[in-house]
Amino acid sequence: MAQRLVKPKTNLGPGFWPVTAFIVVLSLVMAYFIETSAEPIGLKAAGDPAGSIDALFRFLGVVAAAIFNAVVIYTVYFGIVFRMPKNAPPNTIGVQIHDAPVLEFWWTAIPTILVVILAIYSTKIWVDLQNTQGDVLTVEAIGYQFGFAFRYPKLKEPVVNELHLQLNEPTTIHITSRDVLHGFWLPEFRQKADMVPGLVNTIRITPNAVGEFRIICSEFCGAAHGRMIGKVVVQNQQDFARWFSKQGGTQGRTGGGIAISAGKADAGQKLFGEKCSACHSVGAFEQKQVGPGLGKLFNDPAHPKLVNGTDVTPQDVARLIHDGFQGDMGVMPSAQVNALSNADIANLVAYLAGLSKK
Amino acid sequence: MATLAPGVQTGPYHAVLDHIHPEPTSFIRKYIFSIDHKIIGIQYMITGAVFFIISGLLAEIIRTQLLTPNGLLVRPDTYNSIYSMHGSSMVWFVVIPLLTGAFGNFVMPLQIGARDVAFPWLNLVAFWIFPVAGVILFSSFLVGAPDAGWTEYPPISLMGPPGTNLWCIAVFMIGISSTMTGINFLVTILKMRAPGMTLTRMPLFVWAQFATTPLSFIATTALGGALAALFIERVFGVPFYDPKRGGSPLLWQHMFWFYSHPAVYIMIIPGFGIISEVLPTFARKPIFGYKMIAFSSVAIALLSFSVWAHHMFTSGMVPWLQLPFMIITMLIAIPTGVKIFSWMATLWGGAIRWKTPALYAAGFIITFTYGGLTGFFLAAVPLDYHEHGTYFVVAHLHYVLYGGSIMSLFAGAYYWWPKMSGRMYNETLGRIQFWMVFIGFNCTFTPLHWLGLLGMPRRVPNYDPSYQFWNVFASVSSYVMALGTLLFFYILVDSFRNGKKAGPNPWGARTLEWMIASPPPYYNFKKIPAVLAAPYDFGNPLPYIGLDAADGAVEATPTHSSHPVPTH
Ligand code: HEM
Ligand SMILES: [Cu+2]
Ligand SMILES: [Cu+2]
């Protein structure tokens, strides 16, 4: 069973240099189109930091396209040039080469350098994002099954599924969830953060185009996840102010639609024993169990605000009990979790108000 | 072992092991509860193929649902269960068992010149856990299948249907099975190589299995813990993950990805191994850069333990932590790139026969490179903010898992089919099958990249009408891919009926499994051969001595008189 060794040509192959030139030219042409395209990912941008993220995408795109061109074209080319000729004896073998240290050095070194450059560039953009200022307007975004609620500092009522922003105003959005995970994705701003119950994530954006843009839930959250969408409405100063005061017009009307004056303290006391005393004492704020003591809630100079930062008015307390809250101490469950009706909340507020008078 | 030629280094093989058990005669002991690694390998293969077909059907339901913006076929909650089961099954019941359990079991002991794995009974148990766990997983459809994706993030998974408990049990069981296999293979490779087979003479498929073993038994532990906690919370209410009761949903994510990132390498490194066997055989050349390929697998395996949080860039963690995770993730691209270049260099200067396994290997190079590059786009944190949770991730993971793992499985299946069955398959049909899968695959998954970038989130049963064109395009292409898969099974059936006898070594390959009859005899090697050199020098005489003609050995002794091409 002797083998006859037939050596194929050991050169790079007949068309190697033309093919290499083709790869270079193709990659350069692609680089040109990627670098000069206004919307490299095919999506318009509505504000910062979309610009710097698009720039990173272009940069990666240029490098990736060149690598991909080289891999595909050389693979196909070698495959064609070095295929076994039809009439070759069946024991024909290829060039018996095991390695080429110089070549291997370079094809390790060059990708390493590329990776370092890309890592540095990505880090630079990342640092820019961390340092962007966004404090002129602060909004809280709260995800729930299946919508987004937005709270503005000077608005009593949350706005549902519509995030109104002011043109060119740096905005910080604090993001959390009331129930399960959601994703808060603003594709036109290239920003996203998960809405995690018990955790506040932050993104900062500055809108620079008037119009309506999408908010998309990007983390599976239940049967209607695919329908959980909202919109960003970017308005100029006057429109935003008009909208804002219109929302503000509802200020102080009720505690989230709860008729507080109808509350009965004795019914509240019973409820408190059933649903609240596991976590709250009726002592001073400092007599903590899971949450703070509530005995002096309405009359405690050391704690002029509620833990969620709002004033200690009956409406605010009602809203806190209704919405729940997550702070340093832990989770204050929402009315939904505690199975409280609006009437129950009114009773509880009446009871707590009574305690503070003693 | 007195027959060793002078100068042969003695491996860790012990003469004590040098006895042959009689072949069992009862059907049950031979084919059902067999301890023969070859039978077990084939059992894994058949079971894995069944799950592959089922999960593939689920995938086609997904693609059919997405033909219309409002969802064509099923209710949203049903849809959620379908993709969750599709993903879970493909990862844990198809790709991992096929790459390690099936090919690892069938091929690896043959390649190291062993008669079986180190712990044949453990192997039997590991296998039988697999179908049982699979039945448990799929029986969750009877009580409400899990619906929160294969990642089952709490809190939503805490509220999921009762089948989620079965999911925990099934995945936990398959984790135990994979741990057993990992330990078994590690010991086998370290302790049972034929004399003379030093580590750097091992075939690269063996190296790949070797690099995978620590991933199987270290990372899987984290998954086991996470699953146990999820199960306990769901069933007994101990709050590990529920934030309302003091638990942490991110704890699950950390534990899950501490397993699942290494797991993606459990799903690809053995595939690297298959490609590294197929290419030299069909290019009739030594693999280029043997040591670089072997060691880069180990490097990738080790690095893969320190990148898990790249799945959590948007989840919420200390911001500065994102940087090390990003940088280490990017570093993995280097050893991966080195492998790809080495495979291309193996094609260079070859005398390539474009049989189906070789086509799949070349296809693998292209699609896997694409998947690696999109991985880079995901690793860059600022870009991941945009891409996370979208169809871009879906496209990436299918490029690496279908274009990588499944393509390598097809390559391996065609390559070793003659060894397993003793018969050749129809080459023309094989090539057609390759092109159907290759074209169908690329047309299915390429459009998903830009759908994701444009704003289509993953795990949705409905979408914005403006995405319809590319969704229909993807769905129709996926039908081509499905037909290609059916054709594959037809080719196997056809090979049984009409295939030519393969003979011991139809490809002219040089690793040990090709030196004995197809299918190999029960004991593999009557006499354990001694190994003189690495396997891939096509110009040299075969580097084995002491093969026994009774095993169907290709050549009992080297008889080459031609001048060997010098190796250096
Ligand atoms: C150069 C190599 C790779 C890099 C840089 C990379 C990077 C990434 C990153 C950053 C993500 C997270 C994306 C996100 O959710 O936002 C990801 C997701 C994923 N990758 Fe890779 N990857 C690489 C190779 C692979 C390989 C080889 C496999 C498997 C064979 C793989 C399988 C996956 C899977 C399954 C997911 C999605 C998990 C999920 O959320 O369901 N990746 N990859
Ligand atoms: Cu959602
Ligand atoms: Cu990963």
Side-chain angles (χ1 to χ4, degrees), chain A residues 2-3 5 8 10 41-43 53 56-57 60 64 68 71-72 74-75 78-79 82-84 92-96 98-99 104 107-108 111-112 115 119 122-123 125-126 129-130 180-181 183 187 190-194 196-199 201 214 216 218-223 225-226 331 333 337, chain B residues 76-77 148-149 153 155-156 243-244 249 283-286 288-289 292 314-316 319 323 327 330 333-334 337-338 340-341 344 347-354 362 365-366 369 373 377 380-383 385-386 388-390 450 453-455 457 459-462 538-539 555 560-562 565:
Chain A
Q3 241 174 339
L5 306 181
T10 54
I41 69 172
L43 195 59
I53 287 171
L56 179 58
F57 188 92
L60 278 175
F68 189 64
V71 169
V72 174
Y74 279 135
T75 301
F78 291 157
F82 295 106
R83 74 187 183 284
M84 181 111 94
T92 307
I93 59 174
V95 186
Q96 299 301 300
H98 292 83
D99 36 30
E104 286 175 73
W107 79 35
T108 312
T112 308
V115 163
S122 305
T123 306
I125 304 235
W126 181 88
L129 295 190
Q130 298 300 311
V180 298
L181 296 181
R190 317 282 189 267
Q191 284 295 294
K192 170 184 303 122
D194 288 2
V196 185
L199 197 75
N201 285 324
R214 296 168 297 171
I216 298 172
S218 56
E219 204 65 67
F220 176 73
C221 59
H225 165 58
V331 181
V337 174
Chain B
D77 44 349
Y153 278 8
I156 189 88
K244 292 225 168 68
R284 312 205 51 70
K285 275 190 69 192
F288 191 93
M292 287 295 253
T314 65
S315 296
L323 286 181
I327 291 166
M330 290 181 166
I334 300 170
V338 166
I340 290 170
F341 300 145
M344 290 165 64
L347 287 176
W348 170 79
I352 309 169
R353 294 170 304 169
W354 283 115
I365 295 180
I366 292 169
T369 302
L373 290 169
F377 281 74
V381 183
L383 272 178
Y385 292 156
H386 183 65
H388 173 76
T390 71
W450 52 82
L453 291 175
L454 288 177
R459 298 176 174 158
V460 289
N462 56 280
F538 285 81
E555 326 190 321
H560 292 273
S561 53
S562 55
V565 172

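Numbered from 1 within each chain, the chains take letters A, B, ... in sequence-line order.
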Tell me, for [X] versus chain B, whether the close heavy atoms (under 4.5 Å) come from the side chain, the backbone, both or neither.
| X | answer |
| --- | --- |
| A:Pro197 | both |
| A:Arg214 | side chain |
| A:Ile216 | side chain |

If you take all heavy atoms of [X] and [Y], which pair is closest and at what distance?
| X | Y | result |
| --- | --- | --- |
| A:Gly226 | B:Asn462 | O-ND2, 3.1 Å |
| A:Ser122 | B:Ala380 | OG-CB, 3.6 Å |
| A:Ala64 | B:Phe377 | CB-CE1, 3.7 Å |
| A:Pro187 | B:His386 | O-CE1, 3.5 Å |
| A:Lys192 | B:Thr390 | NZ-CG2, 4.0 Å |
| A:Ile53 | B:Pro382 | CD1-O, 3.6 Å |

Can you tell me how far apart [atom1] ([X]) and [atom2] ([Y]) are? Round to the nearest 0.5 Å.
| X | Y | atom1 | atom2 | answer |
| --- | --- | --- | --- | --- |
| A:His225 | B:Asp77 | NE2 | CG | 14.0 Å |
| A:Tyr74 | B:Met344 | OH | CE | 8.0 Å |
| B:Ser315 | A:Leu181 | OG | CG | 7.5 Å |

Looking at chain A, which one of [options] has the largest number of heavy-atom pairs inside 4.5 Å, strictly under?
| options | result |
| --- | --- |
| B:Ala362, B:Gly455, B:Ala148 | B:Gly455 |
| B:Ile334, B:Val381, B:Val460 | B:Ile334 |
| B:Leu323, B:Val338, B:Ile365 | B:Leu323 |
| B:Ile327, B:Leu454, B:Ile340 | B:Leu454 |

Exercise. Using the ring of each side chain (for Trp, its six-membered ring), is B:Phe288 parallel, tilted or perpendicular to A:Trp107, with breaks at 30° and 60°?
Worked result: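 Geometry flag for A:Trp107 against B:Phe288: tilted rings.
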
May I ask you to name which of [options] has the most heavy-atom pairs under 4.5 Å with chain B?
| options | value |
| --- | --- |
| A:Leu129, A:Ile125, A:Thr123, A:Val196 | A:Thr123 |
| A:Gln130, A:Glu104, A:Gln191, A:Met84 | A:Met84 |
| A:Gly198, A:Ala223, A:Gly183 | A:Ala223 |

Considering only heavy atoms, which portion of [X] lies under 4.5 Å from any heavy atom of chain A: side chain, backbone, both, or neither?
| X | result |
| --- | --- |
| B:Leu347 | both |
| B:Pro249 | side chain |
| B:Ala283 | backbone |
| B:Trp450 | neither |

Exercise. Within the distance-only criterion (no hydrogens, no angle test), does the side chain of B:Arg284 pair as donor or acceptor with the backbone N or O of A:Thr92 below 3.5 angstrom?
Worked result: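 Yes, B:Arg284 side chain to A:Thr92 backbone: donor-acceptor pair under 3.5 Å.
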
Does any non-hydrogen side-chain atom of [Y] lie less than 4.5 Å from one of [X]?
| X | Y | answer |
| --- | --- | --- |
| A:Arg190 | B:Tyr385 | no |
| A:Phe68 | B:Ile366 | yes |
| A:Glu219 | B:Ile156 | no |

Exercise. More than 12 non-hydrogen atoms from neighbouring residues, nucleotides or ligands closer than 6.0 Å to CZ on B:Arg353, yes or no?
Worked result: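 Count over threshold, so yes.
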
